[in-house]
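The basis for the numbers below is simple: all heavy atoms, side chains too, and nothing from hydrogens, waters or symmetry mates. Both ligands and their constituent atoms are indexed starting at 1 by order of listing.
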Amino acid sequence: MENHKFSPESLMMSHGYKPELSEGAIKCPIFQTSTFVFKTAEEGKAFFEIAYGIRDKDPKEELGLIYSRINNPNLEILENRLCLWDKADDCAVFESGMSAISTVLLEFLKPGDLLVYSNPVYGGTDHFINHFLPSIGVEVLGFHPDESVEDVKEMIEGTGKAANLAMIYMETPANPTNNLIDIEAFVDLAKQFSTSERKVLTAVDNTYMGPLWQHPLEHGADLVLYSATKYIGGHSDLIAGAVLGNQEVMGRVKVLRTFLGNMISPNTAWLLLRSLETLKIRMDKQTQGAQVVAAYLQNHPKIESVNYLGLLKEGTEQYRIYKKQCTSPGAMITLNVKGGEKQAFQLLNSLKLIKLAVSLGGTESLAQHPNRMTHVGVDIEERKRMNITDKMVRLSIGVEDAKDIIWDLSQALDKITIEEKELISF
Ligand SMILES: *Cc1c(COP(=O)(O)O)cnc(C)c1O
């Protein structure tokens, strides 16, 4: 009994918060304050010594509150709670998913380094990797889901810069195609290129699955990243990001965050604390709904194909990775209509309950067109290579009754008109 270990979902209401420090309030208040009063000058001195790495923390010492760019109770409690899901040593929360991602890439990549990354990735990440990183002298090499680990190894060796490989960055499942990357296999590849002086790091964007259904750190990844705007926030009312990992890497991430000043605000952190209380029930309901919706779409005459983890065929490589790495098929469905942009837009324009908007993971179902919306900035040849075409519509399934979502999709699919010649030309 003494050693009972609570599930993360049971701790989301209380972990890391001491009511006695806040007048007994059951809920953590919003610490809307820029700075914190030190009891004595000696205490202020000690807090700064630790915050600025002047000396190591004594085992029993805690980093006291200094200034809200460095730390704040709402941020710290949120970070402590997020650590429970991924069993991470430490977490840093950011003002957006992109600031979490760009801070990690900036901290661990220096001019001359090589970054290897999976395709496709979120449109903003793709832009940062392909347009910003090369401008500061970082070389980038993308691989595709149909390339094996051995292929990627040869590609890395082929660059002549294998000794400069600094990081392998993965997004799995990939936005918007739902392609899976074998995290363990790429962690192993990173080891092959690591030396005693230099460890090749692995980072995984876990926004689609996390923090519930996939735990990249358990598969050996060094860093896990989130757009907390999506499932973690879950109500489409905030923008936020998070990074988790071991003490050593997170120490570096937090120092850069302090000096870029891109931490989350106390108010947004407070909203996320509220969101975390219902994270499990929201995500469970969303994936239940998505499974029913995907089964319906799969056999619809106006639909060519459906990419959903719950529909992966046994015996395939993707299915093997899914079984190894994910504990649920999630709630993101990508479908390809028969036809092209016209038919996809007819579907999108006819929806009544599902909203036509980018983003995902919220309580309401959303639909968008990756090729003309979120991924329009990705190189056109690359998009073709990744099967991001005009046929594609991405759905994020919310918590509505699945019957209603299906009704809505059914009436919108009925509005699609397709002529014989349009079928042929796409
Ligand atoms: C939305 C998203 C991001 C970017 O997050 P923001 O919170 O919008 O900055 C990164 N990765 C994935 C997979 C996303 O879906």
Regarding [X] and [Y], do their side chains bring together a donor and an acceptor under 3.5 Å, going by distance alone?
X      : Y      : value
Thr177 : Asn307 : no
Tyr117 : Asp205 : no
Asn371 : Asp390 : yes
Thr125 : Glu171 : no
Asn206 : Tyr226 : yes

Which of the numbered atoms in ligand 1 are under 4.0 angstrom from any heavy atom belonging to [X]?
X      : answer
Ser227 : 1 (C), 2 (C), 3 (C), 4 (C), 5 (O), 6 (P), 7 (O)
Thr229 : 6 (P), 7 (O)
Gly97  : 5 (O), 6 (P), 7 (O), 9 (O)
Asp205 : 10 (C), 11 (N), 12 (C), 13 (C)
Leu360 : 15 (O)

Within the structure, is a non-hydrogen atom of [X] found at a distance of less than 4.0 Å from ligand 1?
X      : answer
Ile101 : yes
Ala240 : yes
Leu225 : no

Ring centres under 6.0 angstrom apart (Phe186, Phe143): yes
Parallel, tilted or perpendicular: ring planes of Tyr322 versus Tyr319, cut at 30 and 60 degrees: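 Judged by the thresholds at 30° and 60°, the geometry between Tyr322 and Tyr319 is tilted.
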Identity of the nearest option to atom 9 (O) of ligand 1, non-hydrogen atoms only, from Met98, Met209, Met332, Glu171: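 Nearest heavy atom to atom 9 (O) of ligand 1 lies in Met98.
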Pi-cation contact, Phe345 with Lys391 (under 6.0 Å, within 45°): no
Shortest protein heavy-atom distance from atom 2 (C) of ligand 1, along with the residue and atom involved: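 Nearest neighbour among protein heavy atoms for atom 2 (C) of ligand 1, to 0.1 Å: Lys230 NZ, 2.5 Å.
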Nearest non-hydrogen protein atom, atom 8 (O) of ligand 1: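 Here the nearest protein heavy atom works out to Tyr122 OH, 3.8 Å.
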Within-cut-off N or O pair, Thr125 and ligand 1, under 3.5 Å: no
